[in-house]
Amino acid sequence: MSPTLADEIRGRLGELSPAERKVARVLLAGYPAAVFETVATIAERASVSAPTVLRCASRLGYRGFPDLQAALRAELDARNASPITLYTAAETSKHERKAPQDAAATQLGERSSLVRQAVAQTFDEVAAHEFEDAVGLLADPRRRVHVAGGRFTHLMAEYLGLHLMQFRDQVDFLPHKDVERTSFLTQLARRDVTVLFDYRRYEADKTLIAELARERGGKVVVFTDPWLSPAAAHADVVFITQVSSDSPYDSLVPALAVVEALVAAVLDRIGGDGHKRMKEAERVARRTGLL
């Protein structure tokens, strides 16, 4: 996964002159929209000259400001990629490669390598303090936990929520019906933790839910891809998981791996109370014929 333009700018701030850093901060503060402003507008906002804006682009490694803007357009195209566009790209890549003699074995090996690399990179990039913060929030018995996902990622949300339900109370899913959802969102409170899964193409309601949760004083945990869901702007904890795949669909395997690590850590933190809750749930399930 290539770094975003914003990552590149942050990484090279130390190489810029004081005036060029003003330009960089203007770009980052309004990212990504600010990058598409005119040179004159950016110069005015940064209180520098137009040539300084051009020098900043050059110092960042681009031939000029239009080249920098083109890089961002390419990044946004990737951010908003759909399965259809990814399918077209994958098919083009296949045709450009020469088919090996044992194509099936080669494809299996390549896919296995890609998945392992994506999972390893995801775990390497998860910040230990953010993981610890998420464990603390989800293990706190005083907090209600709400979980929601998207078109495909509702599967990740359900997987997390169903596990948490086995060893702690007050875990629920965002309702689908309008009246129920409105009532649910109206009741968001300061002691609530809202966990959202939002991957490209992002869903506007996830950002609004995150915003509402923060306005009520609650905590927000967001699982997203390297291009970052807009909901991440309102999150206390952000888990960025790789989605590399050779199919038209983003891989959720790295996200699942992080969810499983989180579940294990939360159960470990809750300890004996969690074990007691699991035994009681199993006793009720057996008595009612659900197990």
Side-chain angles (χ1 to χ4, degrees), residues 1-4 7 78-83 86-87 90 110-139 145-167 171-174 193-207 209-210 213 219-269:
M1 172 64 209
S2 300
T4 65
D7 292 334
R79 187 175 191 259
N80 296 316
S82 70
L86 293 174
Y87 178 84
E110 289 177 348
R111 285 171 179 161
S112 173
S113 176
L114 189 60
V115 169
R116 289 198 302 269
Q117 181 181 350
V119 171
Q121 183 177 348
T122 293
F123 275 93
D124 286 344
E125 294 175 350
V126 169
H129 71 276
E130 291 221 287
F131 187 82
E132 177 67 16
D133 287 348
V135 171
L137 291 172
L138 296 178
V145 177
H146 314 301
V147 190
R151 299 176 189 88
F152 287 93
T153 54
H154 73 276
L155 298 171
M156 294 290 101
E158 290 177 8
Y159 191 78
L160 172 61
L162 290 173
H163 277 82
L164 293 177
M165 285 177 180
Q166 294 185 52
F167 52 80
V171 179
D172 51 36
F173 301 105
L174 181 71
V193 181
T194 303
V195 184
L196 300 170
F197 292 78
D198 195 27
Y199 288 68
R200 65 178 185 181
R201 296 173 281 178
Y202 311 111
E203 298 177 27
D205 69 318
K206 303 304 177 297
T207 300
I209 292 168
K219 300 295 186 180
V220 179
V221 177
V222 171
F223 282 78
T224 188
D225 53 46
W227 294 279
L228 288 184
S229 158
H234 307 286
D236 298 277
V237 176
V238 179
F239 288 117
I240 299 174
T241 67
Q242 296 299 313
V243 295
S244 303
S245 170
D246 62 351
S247 85
Y249 298 98
D250 287 339
S251 173
L252 292 177
V253 172
L256 178 60
V258 174
V259 166
E260 291 192 337
L262 192 58
V263 166
V266 171
L267 178 55
D268 186 58
R269 177 71 60 85

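Excluded from the calculations below are hydrogen atoms, water molecules and symmetry mates; all remaining heavy atoms, backbone and side chain alike, are included. Just so it is clear, the structure is predicted and the values come from calculations on it, not from any experiment. For this chain, numbers begin at 1 and follow the sequence in order.
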Interatomic spacing from [atom1] in [X] to [atom2] in [Y] - rounded to 0.5 Å:
X      : Y      : atom1 : atom2 : result
Phe173 : Leu162 : CZ    : CG    : 4.0 Å
Thr241 : Leu256 : OG1   : CG    : 10.0 Å
Leu262 : Leu137 : CG    : CG    : 10.0 Å

_Residues which pass ring-ring contact (aromatic ring centres under 6.0 Å, His included) with Phe197, listed by chain and number, not counting sequence neighbours_ =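 Result, ring-ring contact (aromatic ring centres under 6.0 Å, His included) vs Phe197: Phe223.
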Any heavy-atom pair between the side chains of [Y] and [X] that's under 4.5 Å?
X      : Y      : result
Val221 : Leu138 : no
Phe167 : Val263 : yes
Val238 : Leu228 : yes
Glu260 : His163 : no
Pro226 : Ile240 : yes

Where is the tightest heavy-atom contact between [X] and [Y], given as atom of each residue plus distance?
X      : Y      : answer
Val220 : His234 : CB-O, 3.8 Å
Leu196 : Lys206 : CD1-O, 3.3 Å
Val222 : Ala231 : CG2-O, 4.0 Å
Thr122 : Pro254 : OG1-CB, 3.4 Å
Glu130 : Asp236 : OE2-O, 3.6 Å
Ala261 : Phe123 : CB-CE2, 4.1 Å

*Verify side chain to side chain donor-acceptor pair (under 3.5 Å) between Gln117 and Gln121, making sure each step is shown before the conclusion.*
CA-CA 6 Å; Gln117 181 181 350; Gln121 183 177 348; 4.8 Å; no
*I would like to know whether Asp250 and Phe152 meet side chain to side chain contact (heavy atoms under 4.5 Å, CB included); could you show each step before the answer?*
CA-CA 10 Å; Asp250 287 339; Phe152 287 93; over 6 Å; no
*Among Asp225, Thr224, Thr207, find the one that has a side chain to side chain donor-acceptor pair (under 3.5 Å) with Tyr202.*
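The side chain to side chain donor-acceptor pair (under 3.5 Å) with Tyr202 is passed solely by Asp225 among Asp225, Thr224, Thr207.
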*Spell out, as yes or no, whether a donor-acceptor pair under 3.5 Å connects the side chain of Asp198 to the backbone of Glu203.*
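Side chain of Asp198 to backbone of Glu203: a pair is present.
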